[in-house]
Protein chains: 2
Amino acid sequence: MESRIVNLRSKLDVYKAMTDGGNIADCPVRDVIQGLNGKWSSLLVMALAEKPYRFGELRRLVPDISQRMLTQTLYDLQRDGYVHREVFPTKPPSVEYSLTDLGRSMFGPLYELVQWAELNHDAVRGARAAFDARI
Amino acid sequence: MESRIVNLRSKLDVYKAMTDGGNIADCPVRDVIQGLNGKWSSLLVMALAEKPYRFGELRRLVPDISQRMLTQTLYDLQRDGYVHREVFPTKPPSVEYSLTDLGRSMFGPLYELVQWAELNHDAVRGARAAFDARI
DNA sequence: CAGAATCCAAACTGATACTG
DNA sequence: CAGTATCAGTTTGGATTCTG
């Protein structure tokens, strides 16, 4: 674990260079990770990783998302190439959303982070409680 | 890779249950991942993963962050237990920020995602360009 | 069914000025 | 040096209404 972090140090210099002299827009953290930063992006990718869903199904699956945010987040995910949108010209129409290959390849690392979050959820809650109590 | 995803399917049901019937606040994606969603959180964790930095050093390292956002993001990261803040009572005072054990353990998965972002940055840019051209 | 359009409230962010 | 305080602009998000 420690050696792994040490190995990564040289890679981190990339981000220093980007912030120092290079073009900030070329920083993957800013340009890619931040695109996944929306309130619902990760959750929807998680859902679609299981199987394709239709619009209404997703809405019921994530009941605290508004229609506007579901539409917009799916649009953004589609634009970045993570999600494929397929319209079936039935009456009334149905639309199916699924992960693209790019989206599936991103799900791997994302899920690692989600697993970490699940495992350390209590630690984070504890840290918050301790911090708030100390103030 | 495929079998790995299949193995994860049962885990994903957890999130369905949470959204369906369970308490939404207990969803780690909502309660932990979204806390890392700030514009600067990931970037600062990346920087601090290399070594501890002082406030002014971080500012120079990430030149497009405002003082306000640096203060606030470090505060939030500290509250969630990722960052340790140590004040040295010199004149003028100096404050050093470093990752906690929890923060370092989170850096692993986070860096996986950052590596993915770096590797697929062009693919994402291409998807955006293609999408925008098609409209 | 799957959205588009509109309006409004809240949150986020930055610029500036000030302080121990 | 490392903040805090205040204000203004921008973005985000939700509720509602309407449409093919």
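Any value given below was found using the heavy atoms of this structure, including those in side chains, with hydrogens, waters and symmetry copies removed. Source: prediction; values computed, not measured.
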Residues which pass side-chain hydrogen bond (donor to acceptor under 3.5 Å, both in side chains) with Glu57(A), listed by chain and number, not counting sequence neighbours = none
ask   = Looking at residues at least two apart in the chain, or sitting in another chain, which of them share a side-chain hydrogen bond (donor to acceptor under 3.5 Å, both in side chains) with Asp31(A)?
value = His121(B), Arg128(B)
query = For the helix from dC1(C)-dG20(D) to dG20(C)-dC1(D), how many degrees between its two end axes (five pairs per end), to the nearest 10°?
reply = 50°
task = Name all residues meeting the side chain to side chain contact (heavy atoms under 4.5 Å, CB included) criterion together with Asp101(B); count only those two or more places apart in sequence or in a different chain, and write none if there are none.
result = Arg104(B)
ask   = How long is the gap from CG on Asn37(B) to OG on Ser41(A), to the nearest 0.5 Å?
value = 7.5 Å
key: Those residues that, when tested against Arg125(A), pass salt bridge (Lys or Arg N to Asp or Glu O under 4.0 Å) (two or more places apart)   = Asp122(A), Asp26(B)
key: Contacts of type salt bridge (Lys or Arg N to Asp or Glu O under 4.0 Å), residue Arg59(A), not counting sequence neighbours   = none
query = Can you give one letter per nucleotide of nucleotides 13-20 of chain D, 5' to 3': B if a protein heavy atom sits under 4.0 Å from the base, S if only from the sugar-phosphate, - if neither?
reply = BBB----B
Among Leu77(A), Asp76(A), Leu61(A), the one residue meeting side chain to side chain contact (heavy atoms under 4.5 Å, CB included) with Leu44(A) = Leu77(A)
inquiry  = Enumerate the salt bridge (Lys or Arg N to Asp or Glu O under 4.0 Å) contacts for residues 37-47 of chain B, please, sequence neighbours excluded, ordered by first and then second residue.
reply    = none
For residues 81-96 of chain B, which side-chain N or O atoms pair as donor and acceptor with protein atoms under 3.5 Å away, sequence neighbours left out?
residue, atom, partner, partner atom, Å
Arg85(B), NE, Tyr97(B), OH, 3.3
Thr90(B), OG1, Phe88(B), O, 3.4
Thr90(B), OG1, Pro92(B), O, 2.8

inquiry  = What's Tyr97(A) touching, base or sugar-phosphate or nothing? Going by heavy atoms closer than 4.0 Å.
reply    = sugar-phosphate
message = Does Arg59(B) reach a base, just sugar-phosphate, or nothing at all? Heavy atoms under 4.0 Å.
response = nothing
query = Within this structure, what is the CG-to-C1' distance between Leu70(B) and dC1(D), rounded to whole angstrom?
reply = 13 Å
ask   = Mind checking which nucleotides bracket the chain B contacts on DNA chain C, 5' to 3', with an atom under 4.0 Å from a heavy atom?
value = dT13(C) to dG20(C)
ask   = Taking for each residue the nucleotide of DNA chain C with the nearest heavy atom, is it Asn37(B) or Glu57(A) whose nucleotide lies nearer the 5' end?
value = Glu57(A)
query = Can you check side-chain contact (heavy atoms from CB on, under 4.5 Å) on Ser98(A) and Leu48(A), steps first, answer last?
reply = CA-CA 6 Å; Ser98(A) 56; Leu48(A) 292 175; 5.8 Å; no
